[in-house]
Every structure is written in C-alpha cells, then in structure tokens.
**Q** 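To start, I am sharing the structure in question, which I have written as structure tokens.
What you see below is based on every heavy atom in this structure, not just the backbone, and it leaves out hydrogens, waters and symmetry mates. In this text, all values refer to a predicted model and were calculated from it rather than measured experimentally.
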Amino acid sequence: EVGAASPPTNWYSQSSRREEEGGKRPESKEARLPLERILGSEIVRKTESFSPEDQELARSLRTTWQCQEAHNEQGKKPPRLTCLFRNLYIEARGQKSVLVAHALKGDAELSPPVSKASKAEIITGNAGVLGSTHPQLRWQEHASLQQLAEAIHLKGDVKTHRGMSVVLHTLWHFNIGHAMFDGLYPAFLSLVQFARQDEPFRTILMGTHDKSVDAKMPGAYERSEKTLGMIGGLGHLTLDSLGGLAEKHAPLHR
C-alpha cells in the first residue's frame, strides 16, 4: 500500500538480523516512518544518527549500471548504448512515468559515470518510420548515502519488483509479430550482450493502447502483453498498471 511521504527528517532503518541471530530488539516509543520495508525485514524508525546499518541499507538502494555500445552500433557517432541497471526506479504517472537513477557521487560501479551516461542516447524501442522512442530518464546524483536515502524516502513507499526486468517500447503490439520482433527481440539482444539471456525476466512495456484498435480487436493488446510476460517467465507490467495517474501522487517502483 502506498503511503504519503513524511516531512523532511533523518532517514533511519533497523535491521531484523539481530532477531534472526537470537537477539531481541527493544521496543521503541518513537513514531515509525512509512517507508516500505524494501529488504523485507527492515524497520524504519526515528533516531538521531545515520548508523552503519542505515548506510548498508542505503548502499543497497543506490542505482548502479554498466553500459556498452548496442549491437550493430559500434563505430557510430554518437553510439547508442545498451545498459544493465541495478535498482532503476520508476516514478509512476501512467504514460507520463519517469525512469529515475539514484546514483552516489563517485561510485566506482557506474560505467560510464553520470556525466557521460546522461548525455548518451538510450532508447527503448521504435516509434515508426524508423524512428526511436527515448524514455524519460532522470539522472540524480547524490553527495552521500544519507542524501540518497532521504531522496527515496521522501517519495513515500517503494514497491520492489525483484529479479530482472526488461524495459521496452513496441509499436503496434496488438499484433504479436510486432510485439515479438519489433519489441522483444532487440531488447533480448541486450540481455545476450550482458550474458544474462538464460535468466527469467519480466517485461515492462512503455507503450500505450490505440483505443480504435481496442474497439475493433478487444483484448489484442493484453494477449500480446501476456505472451511477452510468459516468455520471460516473470510476467509483465504496463505503465498504467503501476498506478499514479494523478500528477501529485506518483508511486515509486524499484
């Protein structure tokens, strides 16, 4: 359940590892903040410091990535990139959703660094007449782990989707041929480039439905979307299914 963001304050977590090891955590009378239990067992509470446990959790929430020139793009200027992200976020606003990278300044696991990645051309599919679709991707670089954690916390609760996700945009995907070969196939090549093709994945479709097609071919889009999810093994998500149609209420997904 998505909760409203709390006022600015320190961001804190308390791991349940102590309980798992047989210890007891003392009950706190302090108000607990409504941040989603991202790692499954963390409890967020108010304290006066950013503890080593907080830092460990915040580090696990940061976005990292590896990018390389996409297949058949070598030598082109500027080259298109295919990127493997860990912890890429989506601020869900229906078809106006935004991808967000919450990076830690100076992080050695950013390849290339934010200064170069933010200028690269990253696409999620085709837009007809040999055009391309460019997702809205906001690069946020934070000076410290505490600033990174607070930036995520202020968005409210976070819905975590575990496992590999492939973000793609496919034109006319009511037609399974277009869905498979204009959408999924080039995205799958990116998995091959990173040697991740044998892992199950979910598809996140960035496109929308043409209402006139929906009227003439009811369920055609949904059947193609379900098929792509079955191929990957982890199902599928569409931007509309992520919620957040109101401008002031944008659920955060990871």
**Q** When you compare the side chain of Thr203 with that of Leu168, does any pair of heavy atoms fall below 4.5 Å?
**A** yes

**Q** Might you point out which heavy atoms bring Ile204 and Ser165 nearest each other, and give the distance in Å?
**A** CD1-CB, 3.8 Å

**Q** For the hydrophobic clusters of this structure (ILVMFWY residues joined by side-chain heavy atoms under 4.5 Å, transitively), does one cluster hold both Leu99 and Leu84?
**A** no

**Q** Please name the pair of heavy atoms, one in His142 and one in Ala151, separated by the smallest distance, quoted to 0.1 Å.
**A** CE1-CB, 3.4 Å

**Q** Can you tell me how far the NZ atom of Lys116 sits from the CG atom of Leu81, to the nearest 0.5 Å?
**A** 11.5 Å

**Q** Hey, what do you get for OG1 (Thr208) to CE (Met206), rounding to the nearest 0.5 Å?
**A** 11.5 Å

**Q** Strictly by modelled atom types, are Asp240 and Thr238 linked by a side-chain donor-acceptor pair under 3.5 Å?
**A** no

**Q** Contact between Cys67 and Ser111 at the side-chain level, heavy atoms closer than 4.5 Å - yes or no?
**A** no

**Q** Can a donor-acceptor pair be found, under 3.5 Å and without considering hydrogens, that links the side chain of Arg86 to the backbone of Leu61?
**A** no

**Q** Is there side-chain contact between His173 and Glu225, with heavy atoms separated by less than 4.5 Å?
**A** yes

**Q** Donor-acceptor check, side chain of Ser51 to backbone of Asp54, threshold 3.5 angstrom: yes or no?
**A** yes

**Q** CG/Leu237 to NZ/Lys159 distance, rounded to the nearest 0.5 angstrom?
**A** 9.5 Å

**Q** May I ask you to decide if the ring planes of His161 and His253 are parallel, tilted or perpendicular, using 30° and 60° as cut-offs?
**A** parallel

**Q** For the residue pair Thr170 and Leu184, establish whether any side-chain heavy-atom pair is separated by less than 4.5 Å.
**A** no

**Q** In terms of hydrophobic clusters joined by side-chain contacts under 4.5 Å, are Met230 and Ile176 together?
**A** no

**Q** Would a hydrophobic clustering, with Ile, Leu, Val, Met, Phe, Trp and Tyr connected at side-chain separations under 4.5 Å, put Leu88 with Phe201?
**A** no

**Q** Treating Ile, Leu, Val, Met, Phe, Trp and Tyr as nodes and any side-chain heavy-atom pair under 4.5 angstrom as an edge, say whether Trp172 and Met217 lie in one connected cluster.
**A** yes

**Q** Donor-acceptor pair, distance only, cut-off 3.5 Å: does the side chain of Thr82 make one with the backbone of Ser190?
**A** no

**Q** Show your reasoning for whether side-chain contact (heavy atoms from CB on, under 4.5 Å) applies to Val100 and Gln140.
**A** CA-CA 7 Å; Val100 184; Gln140 290 190 217; 3.8 Å; yes

**Q** If you count heavy atoms of other groups shown closer than 6.0 angstrom to CZ of Phe181, is the number above 12?
**A** no

**Q** Could you check Tyr89, Trp139, Trp65 and say which one makes a ring pair (Phe, Tyr, Trp, His ring centres under 6.0 Å) with His102?
**A** Tyr89

**Q** Step by step, would you call Leu205 with Leu228 a side-chain contact (heavy atoms from CB on, under 4.5 Å)?
**A** CA-CA 10 Å; Leu205 289 100; Leu228 297 184; 4.0 Å; yes

**Q** Kindly assign one of parallel, tilted or perpendicular to the pair Tyr221 and Phe174, based on the angle between their ring planes and the thresholds 30° and 60°.
**A** perpendicular

**Q** Let me check something: do Phe85 and Leu242 share a hydrophobic cluster, defined by ILVMFWY side-chain heavy atoms less than 4.5 Å apart, either directly or through other members?
**A** yes

**Q** Please tell me if the side chains of Leu148 and Ile152 come closer than 4.5 Å, counting only heavy atoms from C-beta onward.
**A** yes

**Q** In plain terms, say whether Arg138 and Glu91 are close enough for a salt bridge, that is, a side-chain N and a carboxylate O under 4.0 Å apart.
**A** yes

**Q** Any chance you could lay out the side-chain contact (heavy atoms from CB on, under 4.5 Å) test for Glu150 and Leu145, step after step, and finish with the verdict?
**A** CA-CA 9 Å; Glu150 288 174 348; Leu145 287 171; over 6 Å; no

**Q** Is it true that Arg196 and Glu199 have a side-chain N and a carboxylate O under 4.0 angstrom from each other?
**A** yes

**Q** To the nearest 0.5 Å, tell me how far His178 NE2 sits from Ser224 OG.
**A** 10.5 Å

**Q** Between Arg62 (side chain) and Arg59 (backbone), is there a donor-acceptor pair under 3.5 Å?
**A** yes

**Q** Which atom names give the shortest non-hydrogen contact between Ser115 and Ser118, and what distance separates them?
**A** O-OG, 3.5 Å

**Q** Just wondering, do Thr63 and Leu110 contact through their side chains at under 4.5 Å, heavy atoms?
**A** no

**Q** Using the side-chain contact (heavy atoms from CB on, under 4.5 Å) rule, take Met164 and Leu191 through it: C-alpha gap first, then chi angles, then the decisive distance, then the call.
**A** CA-CA 10 Å; Met164 180 78 70; Leu191 292 179; 4.2 Å; yes

**Q** Roughly how far apart are Gln66 CD and Phe194 CZ, rounded to 0.5 Å?
**A** 6.0 Å

